[in-house]
Amino acid sequence: MKRVSRFIFASMSRKVRVRFAPSPTGGLHLGGVRTVLYNYLFAKKYKGDFIVRIEDTDQSRYVPGAEEYIFDTLKWCGMIPDESVQHGGDFGPYRQSERKERYKQFALQLVNDGYAYYAFDTPEELEKMRQDLKTEHNPTPQYDHHIRMKMRNSLTLSSDETHKLLSDGERFVIRIKVPENDQLSFTDMIRGEVKFDTSTVDDKVLLKADGMPTYHLAVVVDDHQMQISHSFRGEEWLPSAPVHILLWKYLFGLENMPQWAHLPLILGPNGKLSKRDGAKYGFPVFAMNWTDPKTGETTEGFKEKGFLPEAFLNYLALLGWNDGSEQEIFSMEDLIERFSMERVHSAGAKFDYEKAKWFNHEWIKKSSNSFLLPQVKTLLETNGITIVDDTLLEKIIGLIKDRCTLLPDFVPQSSFFFQTPATIDADAIRPKWNEDKKKFFVAYSEKILNSEWNAVTLENMFKELATEKNIKPGELQLPFRIMLVGGKFGPPVFQIAEVLGKDETVKRIDGALKIF
Ligand code: GLU
């Protein structure tokens, strides 16, 4: 209760501005999309701004094409940013590599104020330190208050030596000087109060030798300059929070520090959900297909697998959140109304592909035929079926959508409406086939030639004729279905006949009779 009231106060006292801050390093994992979603829902709920900031300061991890992919994914999901590289805004640039100079100013300010220092250690010296100080209890020694005075930095060198190294163009980084034994805490919107002891925190690099900031410096400067009110990010960033709090304190006196929420992980069958899990268990992990430009390897996406974005987002929303009721199907409008960060669980949420498919099936069933039409039409056309009559296709969609879990299911479920089945499952019929049944179908096809053409009439005539010939109608329906569809599937058979039309129905009966 306490957490909720504090948050309401904060959100009302300040315009809500949230940001999704991806690093363009590859495809967007479903955990990333859920982070976007929670940001988006929160922004819309509080009539705030949803900002997308591209965090591309790590040149070694930059992957061409990844930024466009992120925006394409947001578009597919219908989560359109209010401000971004592509959408403009008053707080740009929205790409960190274009804000380089600003970070440097702040890093120098920290050095001048005694909160950070120049470090000149070479990679070899750092490695030597790690080897020398490595013990059984501390296998990976960190650059921290224990060792900083043993290294080559502006704390151990005289100011003349430091200036000389700087003017000689020696490579340097700027590190934060984390205080020893300080207690820090903040209130996470999901986890409540989180405390840290600074003696376990290392002197993180803030400005790298290439002049680029690290994430730690850039995130604090940008969240401040972009007036971000709430920062939602993956829980892997929780250990970095003390560094960020210190930077907020040293640079801005903690004024307007955003409220943080560290989102739980999405778990796969064996712990953290990885790209490899997708390949191993045969389900997508990325929002859309992603092709690695270096290897040419494509990782499958939910979009191409045949998910509706509505279903994908509905399931993602529930991976870690619920509204306290049993309701599972939520539209974006419902989610915006009901979502609250305080109801996000702190424990990891397990991804279940069967459940994801269940959501898609539900969404396909509840979508209108006209909404599904363009997507189904494109799918059929890529499978060589030309659609000339949209009204007819809409009708077919209505007949078969209950049977489709993923969008590509519409192809086998509907192609027999447009093409005579290439094969007929005659084996399913032969064991119970006999001359009487054959005579029935010959008579039926003659009879329907002059009849009114709708499913009800066709069914009535079928039943009457069966009674007349003393055959159970149930025994005739499967053969009839196989004649029209080719196999044991599809919607009610008389509705299929109605859509196929008189000539085609009679033609398929005749054709099948020759085979049986
Ligand atoms: N660039 C960071 C990431 O991709 C962003 C973390 C944050 O939202 O602050 O994980």
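The figures here come from the full heavy-atom set of this structure, side chains too, leaving out hydrogens, waters and symmetry mates. Indexing begins at 1, ligand by ligand and atom by atom, following the structure's order. Since the structure is predicted, the reported quantities are computational estimates derived from the model, not experimental observations.
The shortest separation from a heavy atom of Glu236 to ligand 1 is not under 4.0 Å, leaving the residue out of contact. Taking 4.0 Å as the cut-off, Gly234 does not count as a neighbour of ligand 1 on heavy-atom distance.
From the protein, the heavy atom lying nearest to atom 8 (O) of ligand 1 is Arg19 NH1, 2.8 Å. In this structure, atom 6 (C) of ligand 1 lies nearest to the protein heavy atom Tyr215 OH, 3.2 Å. Closest to atom 1 (N) of ligand 1 among all protein heavy atoms lies Glu55 OE1, 2.7 Å. The shortest contact between atom 10 (O) of ligand 1 and any protein heavy atom is with Trp237 NE1, 3.0 Å.
Checked for salt-bridge contact, Glu161 and Lys164 miss the test: no charged N lies under 4.0 Å from a carboxylate O. Salt bridge Lys272/Glu236: absent, no basic N to carboxylate O contact under 4.0 Å.
For ligand 1, the atoms lying closer than 4.0 Å to a non-hydrogen atom of Val219 are 9 (O).
A donor-acceptor contact under 3.5 angstrom links the side chains of Gln131 and Glu127, judged on distance only. No hydrogens or angles considered: nothing links the side chains of Asn289 and Thr298 as a donor-acceptor pair under 3.5 Å.
His361 places a side-chain N or O within donor-acceptor distance of the main-chain N or O of Asp402, the cut-off being under 3.5 Å.
Taking distance alone, with nitrogen or oxygen atoms compared against 3.5 Å, Ala21 approaches ligand 1 more closely than that limit.
A cation-pi arrangement is absent between Arg19 and Phe91, since the terminal nitrogen or guanidinium carbon is not both under 6.0 Å from the aromatic centre and inside a 45° cone about the axis.
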